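Notes for the one structure printed next.
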Amino acid sequence: MGNLICMTKKDTRDNNHGSKSKRMGRSQRKLLAEEEFLHRQALSMALQQHQLSQRFDGSMSRRIGSTSSRRRNLSDPFSNGKQAPDFLENIKLNKFVLVHGEGFGAWCWYKTIALLEEAGLVPIAIDLTGSGIDLADTNSVTTLAEYSKPLISYLENLPEDEQVILVGHSTGGACVSYALEHCPQKISKAIFLCATMVSDGQRPFDVFAEELGSTERFMQESQFLIHGNGKDKPPTGFMFEKQQMKGLYFNQSPTKDVALATVSMRPIPLGPVMEKLSLSPEKYGTGRRFFIQTLDDHALSPDVQEKLVRDSPPERVFKIKGSDHCPFFSKPQSLHKILLEIARIP
């Protein structure tokens, strides 16, 4: 009649535990495979951008986001099947415009884009002038107006009654402030992500003075300056070395994201970060501002971020524990949850 196998309660528990472990193993493998796919996709995009920049001349800007045909089901580890329907009922605006910081490009938001799309939202990542795959020479970008032009053009071309949620990272915060001053009617909420939320008359560079030193010292002594118009002319930009980047920006970021960033980042135009902003209480002052602090940040220390918030208090402040200066790499899920929470606020 065959063999009968008697199992004790302990055997049953061990067997169940084994089944659970297998299921957890499959789930973990699926998550790792998903992350691997996203990394390959981002790296491929960065390589294509590099090839384009060598093949073509002229000025070209790219916006990415909301183009993916991939949609995860409710069991997917990146999505939250219970939360999404409630969220969509409570949100009035669904478009996020993502503005990168110094040296970065639209590519840095690839995890955030995927997560927002899966929540049913519309993320748009913009390359500022001379960044990402915009082919302008960074040495020729001398003003904040020129640097922010792709963002301002995008906002000005929105339908008359349409607004967006604007998110600015690092020095991209200055572009967000500039947009609040010049297109306030197009911005429902402005989110400063460990960003240069400067006051009227302040320069974005001033925020980093604690880490980089005074403006005068930086301009005279920095080894990272670029003299695009010749050594006898004023510097036009700067670019950190790989080890400096890792220490400042990526002290908690995954190795693959650090590798992606170090092959994708471009020189930073100096003019825009040295320009004093002119911000009025009638325009900038009436905008709804939110600040997200990163608590393990070596580029913009928590103390500096606290000072920014004290000097120009936003509507609300959020904090991401264990995040370096690039939470879209080091803490993408935490950043995603905060973005959803801000979007819910009436």
Side-chain angles (χ1 to χ4, degrees), residues 45-46 48-65 96-110 113 123-158 164 166-183 186-187 190 192-193 195-198 203-205 207-208 224-229 233-240 249 261 263-279 284 328:
M45 182 173 65
Q48 287 174 2
Q49 291 174 356
H50 180 70
Q51 290 166 359
L52 278 172
S53 68
Q54 306 222 344
R55 194 180 305 163
F56 298 105
D57 292 318
S59 176
M60 179 170 59
S61 178
R62 289 289 182 270
R63 296 186 292 271
I64 62 174
F96 284 79
V97 176
L98 309 172
V99 183
H100 62 81
E102 68 283 356
F104 293 87
W107 53 267
C108 73
W109 297 103
Y110 77 97
I113 288 170
I124 304 293
I126 289 180
D127 281 322
L128 298 171
T129 305
S131 305
I133 61 170
D134 182 276
L135 298 185
D137 181 1
T138 54
N139 293 308
S140 68
V141 183
T142 58
T143 66
L144 187 59
E146 188 177 2
Y147 189 50
S148 304
K149 189 174 180 179
L151 171 61
I152 300 301
S153 295
Y154 177 79
L155 294 174
E156 288 178 342
N157 285 294
L158 286 171
V164 301
L166 199 54
V167 184
H169 170 244
S170 198
T171 56
C175 299
V176 170
S177 297
Y178 185 84
L180 278 171
E181 181 66 24
H182 291 83
C183 303
K186 295 296 184 182
I187 303 165
F192 293 80
L193 176 60
T196 51
M197 188 174 66
V198 297
R203 296 174 294 196
F205 184 88
V207 177
F208 292 93
F224 308 114
L225 290 172
I226 297 170
H227 292 262
N229 298 322
K233 300 293 177 61
T236 54
F238 62 100
M239 182 78 175
F240 296 120
Y249 295 123
V263 300
S264 304
M265 292 181 75
R266 293 178 60 182
I268 303 154
L270 194 59
V273 298
M274 292 297 183
E275 183 178 322
K276 292 182 179 181
L277 270 75
S278 179
L279 304 172
Y284 173 82
F328 39 74

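Bear in mind the structure is a predicted one, so any value in this text is a computation, not a measurement. Quick note: residue numbers are just sequence positions, from 1.
Side-chain atoms of Leu270 and Phe205, non-hydrogen and from C-beta on, never get closer than 4.5 Å to each other. Side-chain contact check for Pro150 versus Thr129: some heavy-atom pair is nearer than 4.5 Å. Side-chain contact between Pro204 and Leu277 is present, with at least one heavy-atom pair separated by less than 4.5 Å. By the 4.5 Å heavy-atom criterion applied to side chains, Trp109 and Val167 are counted as neighbours. Put simply, the side chain of Leu128 reaches to within 4.5 Å of the side chain of His100, judged on heavy atoms.
Heavy atoms only, all atoms of each residue included: His227 and Thr236 are closest at C-OG1, 4.1 Å. Of all heavy-atom pairs spanning Pro267 and Thr138, the tightest one is O-CG2, 3.5 Å. Closest heavy-atom contact between Leu180 and Ala190: CD1-CB, 3.7 Å. The shortest non-hydrogen separation linking Arg266 to Asp134 is NH1-O, 2.6 Å. Considering every non-hydrogen atom in both Tyr147 and Gly101, the closest pair reads OH-O, 4.3 Å. Heavy atoms only, all atoms of each residue included: Ala106 and Asp127 are closest at N-OD1, 2.8 Å.
Taking CZ from Phe104 and CG from Leu98, the interatomic distance works out to 14.0 Å, rounded to the nearest 0.5 Å. To the nearest 0.5 Å, the span separating CH2 on Trp107 from CD1 on Ile113 amounts to 12.0 Å. One distance of note links OG1 of Thr171 with CG of Leu144; it measures 9.5 Å at 0.5 Å rounding. Once rounded to the nearest 0.5 Å, the distance linking OG of Ser131 with CD1 of Ile126 reads 11.5 Å. Distance check: Ser177 OG to His182 NE2 gives 11.5 Å after rounding to the nearest 0.5 Å. Atom CZ of Phe328 sits about 10.5 Å away from atom OH of Tyr110, to the nearest 0.5 Å.
A perpendicular orientation is assigned to the rings of Phe240 and Phe238, their planes being inclined by more than 60° (bins at 30° and 60°).
Side chain of Glu146 to main chain of Val141: no donor-acceptor pair is present (N/O by atom type, distance under 3.5 Å, no hydrogens or angles). Without hydrogens or angle criteria, Arg203 side chain to Val273 main chain gives no donor-acceptor distance under 3.5 Å.
Donor-acceptor pairing under 3.5 Å is recorded for the side chains of Glu102 and Ser170.
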Glu156 vs Lys186, side chain to side chain contact (heavy atoms under 4.5 Å, CB included): CA-CA, chis, key distance, verdict: CA-CA 8 Å; Glu156 288 178 342; Lys186 295 296 184 182; over 6 Å; no
